[in-house]
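What follows is a set of notes on a single structure, which appears directly below.
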Amino acid sequence: MINTGEPPRLHIRIIFGPNAMIGPGKAALLYQIMQKGSISAAGRAMGMSYKRAWMLIENLNAMFREPLVESNRGGPGGGGALLTPIGKEVLRLYRQLQNDAAQSSAPSLEALSLLLKDRNIPE
């Protein structure tokens with residue numbers, strides 16, 4: 001790997017079980033739903049199909065003791081979706097975990113970065 005000059009980043013994925021996990025993608029989808037009020041709009045904003053977005057939300061809703069997202073079917077007035085209180089709490093806790101991990105690992109990430117090849121040296 002070549003040092004690009006960019007600071008290193010962590011991507012945190014929490015694995016609760018074989019089909020129960022949350023990572024940056026699902027957290028971003030929850031955030032987009034909170035912002036846009038729609039699963040389809042959230043998926044579009046992320047370059048994801050509605051089917052894929054809906055599948056991820058169904059997975060998240062099944063993981064937790066209460067649904068994270070509630071949705072209303074479309075129709076003449078349109079549908080919509082919103083994060084439930086537990087959905088907002090799960091997103092908040094995930095983001096807090098990301099921040100905590102980034103802060104506590106900063107010295108180690110910096111040390112690893114110093115061991116990378118310099119980008120100006122041919123491989």
Side-chain angles (χ1 to χ4, degrees):
M1 177 170 222
I2 297 176
N3 184 349
T4 63
E6 295 180 18
R9 300 179 310 268
L10 289 178
H11 288 272
I12 305 293
R13 174 171 285 124
I14 304 165
I15 302 169
F16 299 104
N19 295 313
M21 60 190 79
I22 185 169
K26 287 180 181 174
L29 181 60
L30 290 174
Y31 178 77
Q32 287 295 327
I33 289 169
M34 188 170 64
Q35 293 297 304
K36 303 201 178 302
S38 161
I39 294 171
S40 60
R44 276 193 305 275
M46 296 178 65
M48 167 186 313
S49 72
Y50 174 77
K51 182 179 179 179
R52 173 82 175 139
W54 183 249
M55 183 190 75
L56 293 172
I57 294 306
E58 284 182 323
N59 177 260
L60 283 167
N61 282 346
M63 281 171 45
F64 291 91
R65 63 180 166 200
E66 296 175 27
L68 305 189
V69 176
E70 289 182 350
S71 63
N72 297 313
R73 291 206 181 271
L82 56 88
L83 260 57
T84 62
I86 193 172
K88 290 177 184 176
E89 182 66 357
V90 165
L91 182 58
R92 184 192 71 76
L93 289 168
Y94 178 80
R95 293 266 171 89
Q96 183 64 55
L97 191 132
Q98 281 183 308
N99 290 335
D100 293 348
Q103 288 178 2
S104 66
S105 65
S108 297
L109 287 172
E110 179 62 25
L112 278 171
S113 295
L114 294 173
L115 299 174
L116 294 173
K117 288 183 181 181
D118 185 69
R119 67 178 172 183
N120 296 323
I121 300 173
E123 290 190 67

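All values below come from the heavy atoms of this structure, side chains included, with hydrogens, waters and symmetry mates left out.
- Between L83 and Y31, every side-chain heavy-atom pair lies at or beyond the 4.5 Å cut-off.
- Two residues are said to be in side-chain contact when any heavy atoms from C-beta on lie closer than 4.5 Å; M55 and N59 fail this criterion.
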Begin with the C-alpha distance, continue with both residues' side-chain angles, and end with the deciding distance and a verdict on side-chain contact (heavy atoms from CB on, under 4.5 Å) for L30 and M34.
CA-CA 6 Å; L30 290 174; M34 188 170 64; over 6 Å; no
Carefully, step by step, assess L60 and V69 under the rule side-chain contact (heavy atoms from CB on, under 4.5 Å).
CA-CA 8 Å; L60 283 167; V69 176; over 6 Å; no
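- Not a single donor-acceptor pair under 3.5 Å links the side chain of S71 to the backbone N or O of G80.
- Distance check, rounded to the nearest 0.5 Å: CG of N19 to CE of M21 gives 6.5 Å.
- Using a 4.5 Å heavy-atom threshold, the side chains of I57 and N61 count as touching.
- In plain terms, the two heavy atoms of P67 and T84 that are nearest each other are O-OG1, 2.6 Å.
- Using a distance-only test at 3.5 Å, with no hydrogens or angles considered, no donor-acceptor pair links the side chain of K26 to the main chain of L56.
- Contact check for L109 versus L10: side-chain heavy atoms found under the 4.5 Å cut-off.
- Two residues are said to be in side-chain contact when any heavy atoms from C-beta on lie closer than 4.5 Å; Y94 and P24 meet this criterion.
- Contact record, A27 with I22: N-CG1, 4.4 Å, taken as the closest heavy-atom pair.
- Annotation for R95: atom CZ counts as buried by contact number, over 12 foreign heavy atoms lying within 6.0 Å.
- Taking all atoms of both residues into account, the shortest heavy-atom contact from M46 to A28 is CE-CB, 3.7 Å.
- Atoms CD and CG, from E89 and L68 in turn, are 11.0 Å apart once rounded to the nearest 0.5 Å.
- Summarising the geometry of A45 relative to K36, their closest heavy-atom pair is CB-CE, 3.4 Å, with the distance given to 0.1 Å.
- When all heavy atoms are compared, the tightest approach of A101 to I12 is CB-CD1, 3.9 Å.
- Note: I39 CD1 to Q32 CD = 13.0 Å, rounded to the nearest 0.5 Å.
- L93 and L29 fall into different hydrophobic clusters, defined by Ile, Leu, Val, Met, Phe, Trp and Tyr side-chain heavy atoms under 4.5 Å apart, directly or through other members.
- Atoms OG and CH2, from S40 and W54 in turn, are 11.0 Å apart once rounded to the nearest 0.5 Å.
- Here Q103 pairs with nothing under the side-chain hydrogen bond (donor to acceptor under 3.5 Å, both in side chains) rule; sequence neighbours left out.
- Contacts classified as salt bridge (charged side-chain N to carboxylate O under 4.0 Å, His left out) and involving residues 42-70 (residues at least two apart or in different chains) are not found.
- Closest heavy-atom contact between G43 and A53: CA-CB, 4.2 Å.
- There is a path of hydrophobic side-chain contacts, each under 4.5 Å, that joins I86 to L91.
- Hydrophobic clustering keeps M63 apart from I15 (ILVMFWY residues linked when any side-chain heavy atoms are closer than 4.5 Å, directly or through intermediates).
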